[in-house]
Amino acid sequence: MSIVIEIKTHIAKALKDLFDVEVAEQSLTINTTKPEFEGDYTLVMFSFIKELKKSPEDLGAAIGKALETTNPEIFTAHNTIKGFLNLTIADTYWLSFLEKNYANQQFGSSPANGKKVMVEYSSPNTNKPIHLGHLRNNFLGWSVAQMLKESGYETIKSCIVNDRGIHICKSMIAWQQFADGATPQSTQTKGDHFVGEYYVRFNDEYKKQVEELIAGGMTKEVAEKEASIMKGTQQMLLDWEAGKPEVIELWKKMNGWVYEGFDVTYKRIGSDFAKMYYESDTYLLGKTFVEEGLKQGIFFKKEDGSVWIDLTEDGLDEKLVLRKDGTSVYITQDLGLAQEKYEDFKYDQSLYVIADEQNYHMKVLKLILQKFKKPYADGIFHLSYGMVELPSGRMKSREGTVVDADEMIEEMVNVAKNKTEELGKVKDFSAEELNELYDIIALGALKFFLLRVDPKKRMIFNPEESIDFHGFTGPFVQYTHARIKSILRKESEVRSQESEARSLLKLEKDLIMLLEQYPATIEQAVTEHNPSVIAIYVFNVAKLFNSFYAEHSVMKAESDEKKQLRLHIAGMTANVIASGMGLLGIKVPERM
RNA sequence: GACCCGGUAGCUCAGCUGAAUAGAGCAAUUGCCUUCUAAGCAAUAGGUCAUUGGUUUGAAUCCAAUCCGGGUCACCA
């Protein structure tokens with residue numbers, strides 16, 4: 001039980017004993033005491049001062065005294081200022097907390113709760129390489145899944161690959177027309193980048209053709225439909241759907257190249273999936289929904305044969321679920337996929353990590369499933385995140401303004417390498433160890449950068465300014481971990497007997513108090529589906545430890561008890577940092 | 001036009017289920033390496049929390065209106 005909950009319980013009991021009032025524990029406000037006042041935690045009393053018809057001073061004194069009488073092992077002092085009751089928690093309470101947990105590698109994780117949750121994230125297109133926006137998606141999805149796992153859920157990470165459709169045909173036709181048989185091997189290009197080049201090539205050519213047609217007197221609208229490369233693409237899509245062998249063969253070949261490229265990147269960034277779904281397998285799945293929906297009167301058919309759902313009563317619009325030519329649209333596929341996923345895994349919850357431009361779409365998806373009274377409908381949750389933008393605005397793959405993921409990582413590795421060499425602290429590392437360290441630091445910086453802000457908010461990345469390694473960053477936290485490990489290596493004999501220390505200095509206590517908040521922090525992060533809560537927390541732990549480190553020596557502590565105590569504090573800090581960073585998918589080095 | 005999200009220090013962001021004098025990091029200025037790793041610590045400076053009104057003992061936080069920015073409302077994905 002966390003100290004805050006414990007405090008609330010005792011206060012609720014004190015209020016009952018003293019004044020015979022029932023106060024819901026959740027309604028009590030407990031804050032950490034501001035540094036300018038005496039105390040550790042503070043009860044904000046305003047909400048019930050009036051009701052009890054007491055002066056704040058009397059009320060504070062009464063509650064404070066009661067707490068100290070009934071639980072002297074927790075509460076040692078109190079003071080009341082205005083409506084605030086500041087409580088001091090016994091040093092011995094913190095010491096016993098530390099002794100109980102300093103060596104516990106599992107501190108903060110919860111036992112299995114029997115719930116199963118699917119996390120769909122990443123969801124790439126097979127016509128272009130991964131960019132910075134995809135990285136935010138990947139890191140978020142992975143991290144949220146990891147947080148859920150640590151707090152007791154069985155998690156299944158999945159991915160839906162958008163491997164078919166008109167956009168895929170665009171890169172296919174461009175390759176057919178312009179590649180002259182070139183391959184990733186022949187051009188020494190990573191497969192996904194190779195295919196991505198033809199997607200760009202398509203758009204260049206298309207634009208050119210449209211301009212020519214317009215110059216020849218066509219309107220823009222007609223020209224966009226009449227351009228020969230676009231017509232060819234549409235024919236190719238029809239051929240694909242008809243299963244024309246040479247189109248299928250080309251499709252398989254080019255997708256194969258992309259997957260080879262993706263594999264490399266995914267492996268490097270640590271994304272993994274228990275189950276891959278491919279749109280080419282699932283795109284027809286939703287059609288049974290359409291039939292069923294028509295039968296049940298959830299959907300209706302217009303004269304032209306298209307099928308719709310009327311959501312105006314729910315404050316939304318009419319939404320198309322089947323085209324007049326009988327082909328399915330995006331939402332139809334998603335209905336089918338949701339069903340498929342449920343049949344595969346019988347999940348309790350299903351998270352979709354998808355950008356916020358699809359908020360409306362996801363709302364509609366859930367609503368339709370609810371109208372079908374699907375048992376899994378309520379468990380669907382759209383983890384909506386904001387786009388990563390450049391100072392100039394949104395990234396556009398067609399305009400070539402995307403920040404490529406592979407290039408980004410490479411750049412970060414170089415910065416890590418230069419910085420490490422400059423500082424010269426790990427000169428004895430082998431080439432292999434060095435490369436591993438560069439990767440840990442580079443990805444640590446990148447992941448932390450993308451995860452430290454609230455997922456819901458869009459964020460701006462300026463490519464002109466490389467990602468920092470100082471301050472509120474991954475490397476700062478990693479560095480703190482390495483510092484602690486350095487102490488622990490030198491003091492290899494971390495004696496396991498209890499520390500005999502009986503009192504705490506301010507920074508010692510502050511650190512233990514902060515470490516105690518780790519489980520509650522995870523809980524909050526999970527509830528909010530928000531890894532930035534962990535990033536901020538872990539940064540605060542590192543920052544506080546560095547202050548402590550500058551102020552007090554561990555190895556040359558004033559006494560043997562103090563040394564012992566500080567070794568335990570340092571050890572636990574390292575554990576919590578490693579664990580918290582682990583929730584973000586970030587490794588921490590032993591040395592750096 | 002309708003709906004959704006946002007606007008906090010020069011920049012990037014916390015704080016938003018109301019609570020004490022609004023916090024970090026970067027950038028700026030100034031100190032601190034005869035060593036538990038300076039990728040660090042300490043200090044200074046930096047704010048009309050978009051604007052106006054309201055609710056409240058108390059508002060950056062809740063409500064309303066306005067302004068600004070973004071997104072969505074496709075027989076695109």
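Heavy-atom basis, side chains included; hydrogens, waters and symmetry copies ignored. Chain letters run A, B, ... following the sequence lines, proteins first and then strands; every chain starts at 1. Model, not experiment: these values are computed from the prediction.
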- Query: Where the side chain of A:R591 is defined as all heavy atoms beyond and including C-beta, which of B:C75, B:U37, B:A20 is the nearest nucleotide?
  - Reply: B:U37
- Message: Stacking between A:F37 and B:A20, defined as ring centres under 5.5 angstrom apart with planes under 30°, is that present or not?
- Response: yes
- Atom pair distance, as rounded to whole Å: NE2 in A:H167 and P in B:C76: 14 Å
- Message: Check this for me: does the side-chain of A:N86 come within 3.5 Å of the base of B:A20 through a donor and an acceptor?
- Response: yes
- Item | Shortest side-chain distance from A:A482, nucleotide among B:U21, B:U37, B:A24 | B:U37
- Can you sort out which residues in residues 455-463 of chain A have a heavy atom within less than 4.0 Å of RNA chain B? Ascending by number, please. A:K457, A:R458, A:M459, A:I460
- B:C49 and B:U21: how far apart are their C1' atoms, nearest whole angstrom? 15 Å
- Query: Is the closest basic N to carboxylate O distance between A:E357 and A:R458 below 4.0 Å?
  - Reply: no
- Output yes when A:E241 and A:R164 qualify as a salt bridge under the 4.0 Å nitrogen-oxygen rule, no when they do not. yes
- Candidates B:A19, B:G70, B:C41 - which lies nearest the side chain of A:F84: B:A19
- Query: CG of A:L511 to NE2 of A:H552: how many Å apart, nearest 0.5 Å?
  - Reply: 9.5 Å
- Donor-acceptor pair, A:N79 side chain versus A:E38 backbone, under 3.5 Å? yes
- Query: Roughly how far apart, to the nearest Å, are B:C33 and B:A38 at atom C1'?
  - Reply: 6 Å
- Query: Say you pick atom C1' in B:A22 and the same atom in B:A42; how far apart are they, in whole Å?
  - Reply: 23 Å
- Message: By nearest atom, which of the nucleotides B:A19, B:A77, B:A24 is closest to the A:K543 side chain?
- Response: B:A24
- Query: Rounded to the Å, how far apart are A:I484 CD1 and B:U37 C1'?
  - Reply: 12 Å
- Message: Taking the cut-offs as 6.0 angstrom to the six-membered ring centre and 45 degrees off its axis, would you call A:R452 and A:F472 a cation-pi pair?
- Response: yes
- Close approaches to RNA chain B from residues 446-454 of chain A, in residue order (heavy atom, under 4.0 Å): A:R452, A:V453, A:D454
- Message: Between B:G40 and A:Y479, is there a base-stacking contact, meaning the centre of the base's six-membered ring lies under 5.5 Å from the residue's ring centre while the planes stay under 30° apart?
- Response: no
- Item | Closest-nucleotide ordering on RNA chain B, the 5'-leading residue of A:E318 and A:K485 | A:K485
- Item | Pair A:N31-A:T42, side chain to side chain donor-acceptor pair (under 3.5 Å): steps then yes or no | CA-CA 5 Å; A:N31 299 329; A:T42 296; over 6 Å; no
- Pick base, sugar-phosphate or nothing for A:N359, based on heavy-atom distances below 4.0 Å to the nucleic acid. nothing
- Could you state the CD-P distance from A:E551 to B:C36, rounded to the nearest angstrom? 14 Å
- Item | Residue A:Y549, side-chain atoms from C-beta onward, closest of B:C26, B:U37, B:C75 | B:U37
- Out of B:U37, B:U57, B:A77, minimum distance to the side chain of A:R489 belongs to B:U37
- Using a cut-off of less than 4.0 Å, is there contact between a side-chain N or O of A:K490 and OP1 or OP2 of B:U37? yes
- B:U17 versus B:C41 - spacing of their C1' atoms, nearest Å: 37 Å
- Message: What's the closest nucleotide to the side chain of A:R483 if the choices are B:G40, B:C41, B:C76?
- Response: B:G40
- Query: Is A:E291 salt-bridged to A:K287, cutoff N-O under 4.0 Å?
  - Reply: no
- Under 3.5 Å donor-acceptor pair, A:S547 side-chain atoms to B:A42 base atoms: no
- What residues, two or more places apart in sequence or in another chain, satisfy salt bridge (Lys or Arg N to Asp or Glu O under 4.0 Å) together with A:D192? A:K190
- Task: Please assess A:S122 against A:N138 for the test side chain to side chain donor-acceptor pair (under 3.5 Å), listing each intermediate value before the final yes or no.
- Result: CA-CA 5 Å; A:S122 195; A:N138 275 275; 3.0 Å; yes
- Query: Would you say the ring centroid of A:H470 lies under 6.0 angstrom from that of A:F476?
  - Reply: no
- Of the listed nucleotides B:A20, B:C41, B:C73, the one nearest the side chain of A:I81: B:A20
- Message: Of the options B:A77, B:C36, B:C75, whose atoms approach the side-chain atoms of A:S486 most closely?
- Response: B:C36
- Atom-to-atom span, CD of A:E357 to C1' of B:U72 - whole angstrom: 9 Å
- Note on the structure: Closest of B:A19, B:A20, B:C26 to the A:V44 side chain is B:A19
- Query: Using the C1' atom in both, what is the distance from B:A60 to B:G7, to the nearest Å?
  - Reply: 12 Å
- Within 45° cone of A:Y549 ring axis and under 6.0 Å: A:R483 NZ or CZ: yes
- Message: Using a 4.0 Å heavy-atom cut-off, does A:E279 contact any base of the nucleic acid, only the sugar-phosphate backbone, or nothing at all?
- Response: sugar-phosphate
